[in-house]
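Below is one structure, written out as structure tokens; comments come after it.
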There are 2 protein chains.
Amino acid sequence: MAADDTVVDRFTSWLRDRGLPVTAQRVAVAEVLFEADRHLSAEEIAAELNGRGSKVGTATVYRTLDVLLESGLVVERDFGEGFRRFESARDVPQHEHLICTGCGRVEEFRDDRIERIAGELAESRGFTRERHRLVIYGRCRSCRAANS
Amino acid sequence: MAADDTVVDRFTSWLRDRGLPVTAQRVAVAEVLFEADRHLSAEEIAAELNGRGSKVGTATVYRTLDVLLESGLVVERDFGEGFRRFESARDVPQHEHLICTGCGRVEEFRDDRIERIAGELAESRGFTRERHRLVIYGRCRSCRAANS
DNA sequence: ATAAATGCAAAGGGTTTGCAAAGGC
DNA sequence: GCCTTTGCAAACCCTTTGCATTTAT
């Protein structure tokens, strides 16, 4: 309930508010995710934690991600790679993705037109829009130059 | 090379053109997929085949799907369900998806604005657009009524 | 006859689950 | 102390692969 500063604090508050244990593992996973500037996979999170000396089991990483998703502080993405990626919901009210089919780089951007049109389209078909996802695939400048 | 009528015929021609065997299993999988009006999963295809009395192994379904994808007559979709879905490329030049978060129903539609904007957005960031995917999630009328 | 496809079962990758031990509350 | 989380390994789901056998050409 308290108005804390960091996102990790918001997570611990969220846990406390519902009487859930604030464990070192949960905090560690949250830190990695909130400090990251990329979409992280569960495996990458586990690797990063090991690199920092925190030994967190794979199952715990997944279970903590479930909790983080439930808190609404983290969102998941599926780019069709065969696994999910996660990112802080902080910097991301609603944004689209542009993915390079050469190097896999992901760029994010916002566009009001897309949001407005998505809402219109849903409504015109009797749907209440909840969210949408636009992913544009293409080749970035460097990949085009390298012809890789 | 011949100008055949059905999509299945186009598939068998495609196979013959490159000296690949036209097997009963391949034709059966193609038939199911081309007759379907929905996005089918590999499992659903196998189930349908069993229902029809054609016993086709899972591995063969997947291998045939690879061939069909290569022929360009079938496209695959990933709606983040943890598995892929397949559909005939026939009726689908470029379209978007509207998915009900209640019942999972999938509606398809086209919108020129989306396509134009996607192209613009990619180019403005130095990308050559190859394709895009827009999925809008929401609740359809009946699910809203049922509050399910 | 030859080269490719099939079927089965085992392997594979990402994710989940069961259960005893550990740890917040 | 009670109840939840952790860790480990086994289980799971979808998909791929190895290999002996069948089949299209």
Side-chain angles (χ1 to χ4, degrees), chain A residues 1 8 11-30 32-33 39-50 52-71 74 76-86, chain B residues 1-2 8-9 11-33 39-50 52-71 74 76-86 104:
Chain A
M1 225 52 167
V8 176
F11 179 49
T12 57
S13 299
W14 186 90
L15 289 170
R16 270 191 263 273
D17 284 352
R18 45 219 87 207
L20 295 174
V22 178
T23 66
Q25 292 89 332
R26 282 176 170 172
V27 172
V29 170
V32 168
L33 217 32
H39 310 74
L40 262 36
S41 66
E43 195 185 2
E44 287 170 336
I45 294 169
E48 175 62 27
L49 287 170
N50 277 319
R52 297 184 182 193
S54 318
K55 301 154 217 302
V56 181
T58 319
T60 300
V61 171
Y62 280 105
R63 286 187 280 230
T64 302
L65 285 169
D66 285 343
V67 178
L68 282 162
L69 287 170
E70 214 177 322
S71 78
V74 162
E76 64 181 323
R77 306 278 176 195
D78 184 340
F79 294 123
E81 300 168 292
F83 55 87
R84 293 174 291 165
R85 291 185 174 277
F86 304 83
Chain B
M1 227 50 170
V8 177
D9 286 339
F11 179 48
T12 56
S13 299
W14 185 91
L15 289 170
R16 269 191 264 273
D17 284 352
R18 46 217 87 208
L20 295 174
V22 178
T23 66
Q25 292 89 331
R26 282 177 169 173
V27 173
V29 170
E31 278 174 355
V32 168
L33 216 33
H39 310 75
L40 263 37
S41 66
E43 195 185 3
E44 287 170 336
I45 294 168
E48 174 62 26
L49 287 170
N50 276 319
R52 297 184 182 193
S54 318
K55 301 154 218 302
V56 181
T58 318
T60 300
V61 171
Y62 280 105
R63 284 188 280 230
T64 302
L65 285 169
D66 286 343
V67 178
L68 282 162
L69 287 171
E70 213 176 325
S71 78
V74 162
E76 65 182 322
R77 305 277 176 197
D78 184 340
F79 294 122
E81 300 169 291
F83 54 87
R84 291 175 292 164
R85 291 184 174 277
F86 304 83

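Residue numbers start from 1 in every chain, and the chains themselves are labelled A, B, ... in the order their sequence lines are given, proteins ahead of strands. Note that the structure is a prediction, hence the values are computed from the model and not measured.
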If I take atom [atom1] in residue [X] and atom [atom2] in nucleotide [N], what distance separates them, rounded to the nearest angstrom?
X        : N       : atom1 : atom2 : result
Glu43(A) : dT15(C) : CD    : P     : 9 Å
Leu15(B) : dA3(C)  : CG    : C1'   : 15 Å
Asn50(B) : dG7(C)  : CG    : P     : 10 Å

How about [X] and [Y]: do any of their side-chain heavy atoms sit closer than 4.5 Å?
X        : Y        : value
Tyr62(B) : Arg84(B) : yes
Leu69(B) : Phe86(B) : yes
Glu48(B) : Leu40(B) : no
Leu65(A) : Ile45(A) : yes
Val74(A) : Phe11(A) : no

Quiz prompt | Closest non-hydrogen atom pair, Lys55(A) against Asn50(A) | solution =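 Closest approach of Lys55(A) to Asn50(A): CA-OD1, 3.9 Å.
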Self-check item: Pro21(A) to Leu15(A) - nearest heavy-atom pair and separation
Solution: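 In this case the closest contact between Pro21(A) and Leu15(A) is O-CD1, 4.0 Å.
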Quiz item: Between Asp9(B), Thr64(B), Thr12(B), which is the residue that forms a side-chain contact (heavy atoms from CB on, under 4.5 Å) with Val27(B)?
Solution: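 The residue from Asp9(B), Thr64(B), Thr12(B) that satisfies side-chain contact (heavy atoms from CB on, under 4.5 Å) with Val27(B) turns out to be Thr12(B).
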Exercise. Look at the side chain of Arg26(B) and decide which nucleotide, out of dG14(C), dT16(C), dA5(C), has an atom nearest to it.
Key: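 Out of dG14(C), dT16(C), dA5(C), the nucleotide with an atom closest to Arg26(B)'s side chain is dA5(C).
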Quiz item: Where does the chain A footprint on DNA chain D start and end, counting 5' to 3' with a 4.0 Å heavy-atom cut-off?
Solution: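 Taking any atom under 4.0 Å from a heavy atom of chain A, the span is dT4(D) to dC8(D).
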Quiz item: Got a sec: does the CD of Glu43(B) have more than 12 other heavy atoms crowding it under 6.0 Å?
Solution: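 No, not enclosed.
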Quiz item: What residues in residues 59-68 of chain B put a non-hydrogen atom under 4.0 Å from any atom of DNA chain C?
Solution: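 Hits under 4.0 Å, by residue number: Ala59(B), Thr60(B), Arg63(B).
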Self-check item: Test item: Arg85(B) side-chain N/O and His39(B) main-chain N/O as donor-acceptor pair under 3.5 Å
Solution: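 Present.
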Shorter than 3.5 Å, N or O on both sides, protein versus nucleotides 23-25 of chain C: list them out with atom names.
{"residue": "dC25(C)", "atom": "OP1", "partner": "Val22(A)", "partner atom": "N", "Å": "2.9"}

